[in-house]
Amino acid sequence: MVSCSRKRVQCFEPDENNATPWGCSTVLRIYDDPWKIKKVLTATDVLRHHNRLLLAADLVQNLVCTVLTDDESSKLDSGDGAEIKFWDVHTMSLHTLVLKKWASTGSFVLIGKWNDDFVKRRNLKKGDEIGFQWDKFNRRFNFSVLHRAMA
């Protein structure tokens, strides 16, 4: 069982390629996709009675845990869950979800008002692709609907 606090690294510490977990680097690149966390929504992600977004453990451990404060990491590791802010870049609205770890599978879920604030409000459907990017200046994730599923 890997916890966030043991995986925690500072965002500004470069790796062996001189890059941070969110792609900050001193190496010039033509294009680097800022949407590091992407997910094509499944039927269970948009079901009203589930009210949660399932995230892969490796994405959370490598890209979310690295930017959490010590207090947020402790809350996540304790099972209480960490409150995470999300800025919807298209509607310019701020939302809060709680990140929790499922002990049974080791997966992570975002719960709270996922259905009301995202699924219903943004009319998300199975097959839509969403993305998150870390905004280090505002200490929140930016949210975007990257692609809509074909009708």
Side-chain angles (χ1 to χ4, degrees), residues 1-46 50-77 81-102 105-115 117-119 121-150:
M1 182 172 161
V2 177
S3 72
C4 256
S5 58
R6 286 183 288 196
K7 186 74 174 161
R8 184 161 162 65
V9 296
Q10 295 297 319
C11 187
F12 54 82
E13 291 177 2
D15 64 13
E16 63 275 356
N17 296 321
N18 205 26
T20 64
W22 280 94
C24 305
S25 174
T26 58
V27 176
L28 179 62
R29 296 179 191 197
I30 303 286
Y31 176 75
D32 186 27
D33 188 352
W35 302 101
K36 301 294 184 197
I37 298 176
K38 294 180 183 180
K39 177 158 190 194
V40 175
L41 298 175
T42 65
T44 57
D45 292 327
V46 296
H50 279 182
N51 197 23
R52 56 103 176 118
L53 175 66
L54 181 65
L55 297 173
D58 62 331
L59 283 177
V60 174
Q61 291 169 347
N62 293 329
L63 297 171
V64 178
C65 289
T66 60
V67 297
L68 295 179
T69 65
D70 289 336
D71 185 50
E72 290 165 337
S73 292
S74 295
K75 287 180 179 178
L76 183 59
D77 291 340
E83 282 193 354
I84 310 287
K85 301 281 185 201
F86 291 88
W87 176 255
D88 187 324
V89 298
H90 300 287
T91 63
M92 298 188 341
S93 55
L94 186 65
H95 307 274
T96 303
L97 296 172
V98 176
L99 178 67
K100 285 194 165 196
K101 184 174 184 176
W102 277 350
T105 63
S107 296
F108 291 85
V109 289
L110 286 168
I111 59 172
K113 291 188 168 187
W114 165 249
N115 272 326
D117 290 352
F118 293 92
V119 176
R121 187 180 60 85
R122 293 301 308 276
N123 195 30
L124 297 177
K125 305 284 185 214
K126 175 186 173 187
D128 289 347
E129 183 180 29
I130 61 169
F132 304 134
Q133 68 177 186
W134 179 244
D135 178 347
K136 66 181 177 180
F137 298 107
N138 293 303
R139 292 212 34 83
R140 65 186 181 208
F141 284 94
N142 292 329
F143 168 89
S144 178
V145 178
L146 302 176
H147 300 284
R148 292 287 183 172
M150 300 297 274

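Starting from 1, each residue takes its place in the sequence as its number. Heavy-atom basis, side chains included; hydrogens, waters and symmetry copies ignored.
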Legend entry - Heavy-atom check, side chain of Glu83 versus side chain of Lys75, under 4.5 Å: no
Legend entry - SB check Asp135 Arg139 (cutoff 4.0 Å): no
Legend entry - Side chain to side chain, Leu76 and Leu99, heavy atoms closer than 4.5 Å: yes
Inset, instruction - Answer yes when Asp77 and Lys101 have at least one side-chain N-carboxylate O distance shorter than 4.0 Å, and no when they do not. - result: no
Legend entry - Worked check of side-chain contact (heavy atoms from CB on, under 4.5 Å) between Lys36 and Trp134: CA-CA 8 Å; Lys36 301 294 184 197; Trp134 179 244; over 6 Å; no
Inset, instruction - Would you please test Asp45 and Thr42 for side-chain hydrogen bond (donor to acceptor under 3.5 Å, both in side chains) and show each step? - result: CA-CA 5 Å; Asp45 292 327; Thr42 65; 3.0 Å; yes
Legend entry - Distance-minimising heavy-atom pair for Gly81 and Lys100: CA-CG, 3.8 Å
Inset, instruction - Kindly compute the distance separating CG (Leu97) from CG (Leu53), expressed to the nearest 0.5 Å. - result: 8.0 Å
Legend entry - For Gly106 against Ala57, the heavy-atom pair lying closest together: O-CB, 3.3 Å
Inset, instruction - Of all the heavy-atom pairs spanning Val89 and Ser144, show the shortest one and how long it is. - result: CG2-CB, 3.9 Å
Inset, instruction - Drop me the distance from Leu41's CG to Lys125's NZ, to the nearest 0.5 angstrom. - result: 11.5 Å
Legend entry - Residue pair Lys39 / Leu59, side-chain heavy-atom distance below 4.5 Å: no
Inset, instruction - Please tell me if the side chains of Thr96 and Lys85 come closer than 4.5 Å, counting only heavy atoms from C-beta onward. - result: yes
Legend entry - Phe86 CZ to Trp114 CH2 distance, which is reported to the nearest 0.5 Å: 8.5 Å
Legend entry - Test item: Phe132 and Leu110 side chains (from C-beta on) under 4.5 Å apart, heavy atoms: yes
Legend entry - From Asn142 atom CG to Trp87 atom CH2, the distance as rounded to the nearest 0.5 Å: 9.0 Å
Legend entry - Derivation of the side-chain hydrogen bond (donor to acceptor under 3.5 Å, both in side chains) call for Arg122 and His90: CA-CA 10 Å; Arg122 293 301 308 276; His90 300 287; 4.8 Å; no
Inset, instruction - Calculate, to the nearest 0.5 Å, the distance between atoms CZ and CH2 belonging to Phe143 and Trp35 respectively. - result: 8.5 Å
Legend entry - Under 3.5 Å donor-acceptor, Asp128 side chain and Leu124 backbone: no
Legend entry - Test item: Phe108 and Gln61 side chains (from C-beta on) under 4.5 Å apart, heavy atoms: yes
Inset, instruction - Examine distances only and state if a side-chain atom of Glu72 and a backbone atom of Thr69 form a donor-acceptor pair shorter than 3.5 Å. - result: yes
Legend entry - Heavy-atom side-chain contact between Gln133 and Ile37 under 4.5 Å: no
Inset, instruction - Measure the shortest side-chain to side-chain distance between Cys65 and Val60 over non-hydrogen atoms and say whether it is less than 4.5 angstrom. - result: yes
Inset, instruction - Could you grab the distance from atom CH2 of Trp102 to atom CG of Leu54, nearest 0.5 Å is fine? - result: 5.5 Å
Inset, instruction - Looking only at non-hydrogen atoms, find the nearest pair between Ser73 and Leu68 and report the distance. - result: OG-CB, 3.6 Å
Inset, instruction - Count the heavy atoms belonging to other residues, nucleotides or ligands that lie under 6.0 Å from NZ of Lys113, then report whether that count exceeds 12. - result: no
Inset, instruction - Say whether, by atom type as modelled, one donor and one acceptor occur between the side chain of Lys126 and the main chain of Ala149 under 3.5 angstrom. - result: no
Inset, instruction - For the pair Lys38 and Asp33, find out whether any cationic side-chain nitrogen is under 4.0 Å from an anionic carboxylate oxygen. - result: yes
